[in-house]
Amino acid sequence: MNFNLKIDKKTAKYFQKTMPHKLTEAKNRAVEAMGKVWADETKELTRNEGHIQTGLYVNSIGYNTGSPASDGDVIHKIVDKNGKTILETGSNVAYAGYLEKKFNLMARGLDVSSNRMQKVAKTQIKDTLFG
(Lines give C-alpha, C1' and ligand atoms only; values in the text may rest on other atoms or scores of the structure.)
Protein backbone atom coordinates (compact mmCIF):
# COMPACT_ATOMS: atom_id res chain seq x y z
CA MET A 1 0.00 0.00 0.00
CA ASN A 2 1.30 3.46 -0.82
CA PHE A 3 0.72 6.56 1.25
CA ASN A 4 1.48 9.93 -0.31
CA LEU A 5 2.29 12.45 2.38
CA LYS A 6 2.63 15.94 0.95
CA ILE A 7 3.49 19.38 2.22
CA ASP A 8 2.99 22.56 0.25
CA LYS A 9 5.72 23.60 -2.18
CA LYS A 10 6.69 26.76 -0.32
CA THR A 11 7.25 24.88 2.93
CA ALA A 12 9.16 22.11 1.17
CA LYS A 13 11.47 24.62 -0.55
CA TYR A 14 12.13 26.41 2.74
CA PHE A 15 13.15 23.19 4.52
CA GLN A 16 15.14 21.90 1.53
CA LYS A 17 17.11 25.13 1.56
CA THR A 18 17.57 25.69 5.29
CA MET A 19 17.16 22.33 7.05
CA PRO A 20 16.98 19.38 4.63
CA HIS A 21 17.66 16.93 7.45
CA LYS A 22 14.31 17.94 8.99
CA LEU A 23 12.42 16.67 5.92
CA THR A 24 14.16 13.29 6.18
CA GLU A 25 13.54 13.15 9.91
CA ALA A 26 9.86 14.03 9.45
CA LYS A 27 9.41 11.36 6.80
CA ASN A 28 11.11 8.70 8.91
CA ARG A 29 9.12 9.61 12.02
CA ALA A 30 5.90 9.49 10.02
CA VAL A 31 6.68 6.04 8.62
CA GLU A 32 7.73 4.78 12.07
CA ALA A 33 4.46 6.00 13.63
CA MET A 34 2.41 4.51 10.82
CA GLY A 35 4.11 1.16 11.34
CA LYS A 36 3.28 1.16 15.04
CA VAL A 37 -0.39 1.88 14.33
CA TRP A 38 -0.45 -0.96 11.80
CA ALA A 39 1.26 -3.35 14.22
CA ASP A 40 -1.04 -2.37 17.09
CA GLU A 41 -4.14 -3.00 15.00
CA THR A 42 -2.81 -6.38 13.90
CA LYS A 43 -1.97 -7.31 17.50
CA GLU A 44 -5.50 -6.36 18.55
CA LEU A 45 -7.10 -8.41 15.76
CA THR A 46 -4.97 -11.40 16.71
CA ARG A 47 -5.92 -11.19 20.38
CA ASN A 48 -9.60 -10.40 19.84
CA GLU A 49 -10.11 -13.22 17.36
CA GLY A 50 -8.18 -15.74 19.48
CA HIS A 51 -5.88 -16.93 16.69
CA ILE A 52 -2.96 -17.68 18.93
CA GLN A 53 -2.66 -18.61 22.57
CA THR A 54 0.93 -17.47 23.16
CA GLY A 55 2.37 -14.00 23.62
CA LEU A 56 5.35 -14.67 21.36
CA TYR A 57 3.55 -13.95 18.09
CA VAL A 58 1.54 -10.99 19.34
CA ASN A 59 4.53 -9.40 21.08
CA SER A 60 6.67 -9.79 17.95
CA ILE A 61 4.43 -8.04 15.41
CA GLY A 62 6.13 -4.88 14.12
CA TYR A 63 7.94 -4.05 17.34
CA ASN A 64 8.75 -5.89 20.55
CA THR A 65 6.10 -5.37 23.21
CA GLY A 66 7.47 -7.79 25.77
CA SER A 67 8.49 -11.25 26.80
CA PRO A 68 8.82 -13.84 25.40
CA ALA A 69 9.53 -11.99 22.13
CA SER A 70 13.07 -10.87 21.34
CA ASP A 71 14.33 -8.41 18.75
CA GLY A 72 15.12 -11.38 16.49
CA ASP A 73 11.43 -12.29 16.45
CA VAL A 74 10.45 -8.88 15.07
CA ILE A 75 10.53 -7.69 11.46
CA HIS A 76 10.96 -3.93 11.45
CA LYS A 77 13.09 -2.19 8.86
CA ILE A 78 12.84 1.25 7.27
CA VAL A 79 14.61 1.67 3.94
CA ASP A 80 14.93 4.72 1.69
CA LYS A 81 14.96 3.83 -2.02
CA ASN A 82 14.83 6.36 -4.82
CA GLY A 83 13.14 8.99 -2.69
CA LYS A 84 10.61 6.55 -1.24
CA THR A 85 10.63 5.38 2.35
CA ILE A 86 9.69 1.72 2.68
CA LEU A 87 8.65 -0.03 5.87
CA GLU A 88 9.09 -3.77 6.19
CA THR A 89 7.20 -4.96 9.25
CA GLY A 90 5.74 -8.12 10.71
CA SER A 91 6.68 -11.11 12.82
CA ASN A 92 9.63 -13.41 12.30
CA VAL A 93 8.38 -16.28 14.50
CA ALA A 94 8.28 -19.69 12.83
CA TYR A 95 4.50 -19.84 12.46
CA ALA A 96 3.88 -16.22 11.40
CA GLY A 97 3.65 -17.13 7.71
CA TYR A 98 1.08 -19.82 8.45
CA LEU A 99 -1.06 -17.40 10.47
CA GLU A 100 -0.89 -14.73 7.74
CA LYS A 101 -1.85 -17.20 5.02
CA LYS A 102 -4.75 -18.55 7.05
CA PHE A 103 -6.13 -15.37 8.67
CA ASN A 104 -4.64 -12.41 6.71
CA LEU A 105 -3.91 -10.64 9.98
CA MET A 106 -1.31 -8.13 8.74
CA ALA A 107 -3.35 -7.39 5.62
CA ARG A 108 -6.54 -6.85 7.59
CA GLY A 109 -4.66 -4.83 10.21
CA LEU A 110 -3.46 -2.55 7.42
CA ASP A 111 -6.97 -2.14 6.01
CA VAL A 112 -8.46 -1.28 9.39
CA SER A 113 -5.68 1.10 10.43
CA SER A 114 -5.03 3.03 7.20
CA ASN A 115 -7.05 6.13 8.18
CA ARG A 116 -5.41 6.34 11.59
CA MET A 117 -2.02 5.77 9.97
CA GLN A 118 -2.56 8.86 7.80
CA LYS A 119 -3.49 10.94 10.85
CA VAL A 120 -0.46 9.95 12.93
CA ALA A 121 1.82 10.54 9.95
CA LYS A 122 0.52 14.09 9.51
CA THR A 123 0.95 14.74 13.23
CA GLN A 124 4.55 13.48 13.18
CA ILE A 125 5.40 15.65 10.18
CA LYS A 126 3.90 18.76 11.74
CA ASP A 127 5.58 18.12 15.09
CA THR A 128 8.97 17.48 13.48
CA LEU A 129 8.92 20.47 11.16
CA PHE A 130 7.09 23.01 13.30
CA GLY A 131 7.05 21.59 16.85
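Predicted model only: the values in this text are computed from it and were never measured.
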Exercise. What class does the angle between the rings of Phe103 and His51 fall in, given that below 30° is parallel, 30 to 60° is tilted and above 60° is perpendicular?
Worked result: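 Phe103 vs His51 ring planes: tilted.
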
Please check this pair: side chain of [X] against backbone of [Y], looking for a donor-acceptor N/O pair closer than 3.5 Å.
| X | Y | value |
| --- | --- | --- |
| Ser60 | Tyr57 | yes |
| His76 | Gly62 | yes |
| Lys43 | Val58 | yes |

Does [X] reach the side chain of [Y], with side-chain heavy atoms less than 4.5 Å apart?
| X | Y | result |
| --- | --- | --- |
| Val112 | Trp38 | no |
| Gln124 | Met34 | no |
| Asn64 | Asp73 | no |
| Tyr63 | Thr65 | yes |
| Phe130 | Thr11 | yes |
| Tyr98 | Lys102 | yes |
| Leu105 | Glu100 | yes |
| Asn28 | Thr85 | yes |

From [atom1] ([X]) to [atom2] ([Y]), nearest 0.5 Å:
| X | Y | atom1 | atom2 | answer |
| --- | --- | --- | --- | --- |
| Lys22 | Thr24 | NZ | OG1 | 11.5 Å |
| Ser91 | Leu56 | OG | CG | 6.5 Å |
| Met117 | Asp40 | CE | CG | 11.0 Å |

Exercise. Is the number of heavy atoms from other residues, nucleotides or ligands under 6.0 Å of Asn48 CG greater than 12?
Worked result: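 Counting neighbours around CG of Asn48, more than 12 heavy atoms of other residues, nucleotides or ligands fall under 6.0 Å, so yes.
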
Exercise. Hey, is Arg29 close enough to Asp127 for a salt bridge, meaning N to O under 4.0 Å?
Worked result: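 The answer is no: the pair does not qualify as a salt bridge.
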
Is [Y] reachable from [X] through a run of I, L, V, M, F, W or Y residues, each pair having side-chain heavy atoms under 4.5 Å apart?
| X | Y | result |
| --- | --- | --- |
| Tyr95 | Ile75 | no |
| Ile86 | Leu23 | no |
| Val37 | Val74 | no |

For this session: Determine, step by step, whether Arg108 and Glu49 satisfy the side-chain contact (heavy atoms from CB on, under 4.5 Å) criterion, reporting the C-alpha distance in whole Å, the side-chain angles of both residues, the deciding distance to 0.1 Å, and the verdict.
Result: CA-CA 12 Å; Arg108 290 189 300 128; Glu49 295 176 3; 2.6 Å; yes

For this session: Determine, step by step, whether Leu129 and Met19 satisfy the side-chain contact (heavy atoms from CB on, under 4.5 Å) criterion, reporting the C-alpha distance in whole Å, the side-chain angles of both residues, the deciding distance to 0.1 Å, and the verdict.
Result: CA-CA 9 Å; Leu129 297 179; Met19 294 180 279; over 6 Å; no

